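Let me begin by presenting the structure, written as structure tokens, before commenting on it.
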Amino acid sequence: MDLALLRTFVTVHRAGSFTRAAALLGLSQPAVTSQIRTLERQLGRPLFLRKARGVTPTTIGDELAHRAAPHLDALIEITEAELDKESGVRTLHLAGPPEFTSLRALPALADLVGQGLALRSSFFTGAEETLEGLAAGHHDLALATARPRGGLLSATPLCDEEHVLVAAPRWAGRLGPGSLRHKGPVVLDQLPVVEVHESLPLVSRYWAAVFESRPAVAGTVIVPDLRAVLECAVAGAGLAVLPRYLCERALERGEVVALLDPPVPPLRTYFLAVRTGTLALPHIARAHEWLLRAAADW
């Protein structure tokens, strides 16, 4: 059986779409369709059921994928290992949110650079855009705050990110002792807010988790980077909800203070996502393992 046909078949099976598989393989959609039809003629069985959105494997298709995919992944691993020997350097394309990728992931991978790994990073503020780029083959690893669906991508929980409600000390002084404990969002909704988007994603998530309500306030300062949000909060522009790892030093120095200490702090989970089967590639597998190991201390 032609290995090229099997590779196309496995890619379509994982992608759930001829169009997406074509993008991953660098082929036209008609070429992918033609290859699948050829394979179906050779086997004498249909492998996929065509639907309005993508395709669904038949029982025979699932069985063939289960048997063929591990062997194809092993062949790719052998090929990539030979390339590593010839070039001495493999490039890892990493995607994720700018702050978390910059302050957590990239420093954790620094030691691998000295071992022959080249790094290229792309920043995206939304999980959907990050995962779409991974599915399209633009990235090797993706850090996302949403678990991908379907069989094309697989994800492993990486770490939980604690969110803290902070402001410059002068704002805490104006609120007065105990006011937040008794009046909660009624008081906070009167303060200016620094956020990354007009929709107030972090503040809204915090309000829902801690107060079981929605914020009744508009953003006063909107900047699309959490590091800039922190700097604005330190300067006294207003309250902000930030990951603890990002504002920890500012809290220790007294540049900002935590306005609340809820018994169960709001958390956001990060996932480490890859295209299914690509962990057979040594440079991706090593970076994946390295990040999981580092995240144990985050």
Side-chain angles (χ1 to χ4, degrees), residues 96-105 107 123-130 143-147 158-271 295 298:
E99 308 86 2
F100 187 83
T101 306
S102 298
L103 301 178
R104 289 297 204 198
F123 295 153
F124 301 95
T125 55
E128 182 178 355
E129 188 177 7
T130 305
L143 304 159
T145 54
R147 185 190 290 274
L158 183 64
C159 66
D160 288 330
E161 175 184 84
E162 180 188 346
H163 285 179
V164 187
L165 178 64
V166 302
R170 66 183 181 89
W171 285 113
R174 290 187 187 184
L175 292 175
S179 61
L180 290 183
R181 212 168 36 248
H182 301 299
K183 298 181 180 179
V186 175
V187 175
L188 293 173
D189 285 342
Q190 300 173 14
L191 302 185
V193 173
V194 188
E195 255 280 16
V196 294
H197 191 270
E198 297 285 356
S199 62
L200 309 183
L202 297 176
V203 169
S204 296
R205 188 181 294 113
Y206 191 98
W207 257 236
V210 176
F211 304 123
E212 297 183 349
S213 66
R214 295 180 179 180
V217 65
T220 305
V221 179
I222 303 297
V223 286
D225 189 298
L226 288 174
R227 290 163 293 194
V229 171
L230 173 59
E231 293 302 318
C232 290
V234 168
L239 65 83
V241 174
L242 291 167
R244 181 171 289 278
Y245 78 84
L246 183 65
C247 62
E248 189 72 57
R249 292 184 180 178
L251 286 167
E252 292 173 354
R253 293 192 293 258
E255 296 171 340
V256 293
V257 295
L259 298 179
L260 282 174
D261 184 19
V264 181
L267 301 175
R268 180 167 64 173
T269 300
Y270 274 93
F271 296 92
W298 290 347

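Every value quoted in this text rests on a predicted model; they were computed, and no experiment measured them.
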Note to self: Is there a side-chain contact between Leu188 and Leu259 in this structure, where contact means two heavy atoms from C-beta onward sitting under 4.5 Å apart?
What the structure shows: yes
Checklist line | Nearest heavy atoms of Trp171 and Gly236, plus distance in Å | finding: NE1-O, 3.0 Å
Checklist line | Closest non-hydrogen atom pair, Arg104 against Trp298 | finding: O-CZ2, 3.5 Å
Check: Looking at OG of Ser204 and NE2 of His197, how far apart are the two atoms once the value is rounded to the nearest 0.5 Å?
Finding: 11.5 Å
Check: Do Arg244 and Leu251 have side-chain heavy atoms sitting under 4.5 Å apart?
Finding: yes
Checklist line | Polar side-chain atom of Glu162 near backbone of Pro265 as donor-acceptor pair, under 3.5 Å | finding: no
Notebook entry, point to check: Going from OG1 on Thr101 to CG on Leu143, what distance comes out if it is rounded to the nearest 0.5 angstrom?
Noted result: 5.0 Å
Notebook entry, point to check: Once you round to the nearest 0.5 Å, how far does CD of Glu195 lie from CG of Leu242?
Noted result: 8.5 Å
Next item on the list: For residues Tyr206 and Pro266, report the shortest heavy-atom separation together with the two atoms involved.
Entry: CD1-CG, 3.5 Å
Item checked: Heavy-atom closest pair, residues Leu239 and Trp207 -> CD1-CH2, 4.5 Å
Item checked: Residues His163 and Glu161: side-chain donor-acceptor under 3.5 angstrom -> yes
Notebook entry, point to check: Does Val217 reach the side chain of Leu191, with side-chain heavy atoms less than 4.5 Å apart?
Noted result: no
Check: Does some side-chain heavy atom of Val234 sit less than 4.5 Å from a side-chain heavy atom of Val256?
Finding: yes
Margin query: Between Val221 and Pro192, is there a side-chain heavy-atom distance shorter than 4.5 Å?
Written below: no
Checklist line | Closest non-hydrogen atom pair between Val257 and Ala172, with its separation | finding: CG2-CB, 3.6 Å
Item checked: Arg227 backbone acceptor or donor facing Glu99 side chain under 3.5 Å -> no
Notebook entry, point to check: Is the Phe100 ring parallel, tilted or perpendicular to the Tyr270 ring (thresholds 30°, 60°)?
Noted result: parallel
Margin query: So, taking the atom named OH in Tyr245 and the one named CG in Leu226, what distance separates them when rounded to the nearest 0.5 Å?
Written below: 6.5 Å
Margin query: If you compare all heavy atoms of Val193 against all heavy atoms of Leu200, which two are closest, and at what distance to 0.1 Å?
Written below: CG1-CD2, 4.4 Å
Notebook entry, point to check: Can you find a pair of side-chain heavy atoms, one from Val229 and one from Leu202, that are under 4.5 Å apart?
Noted result: no
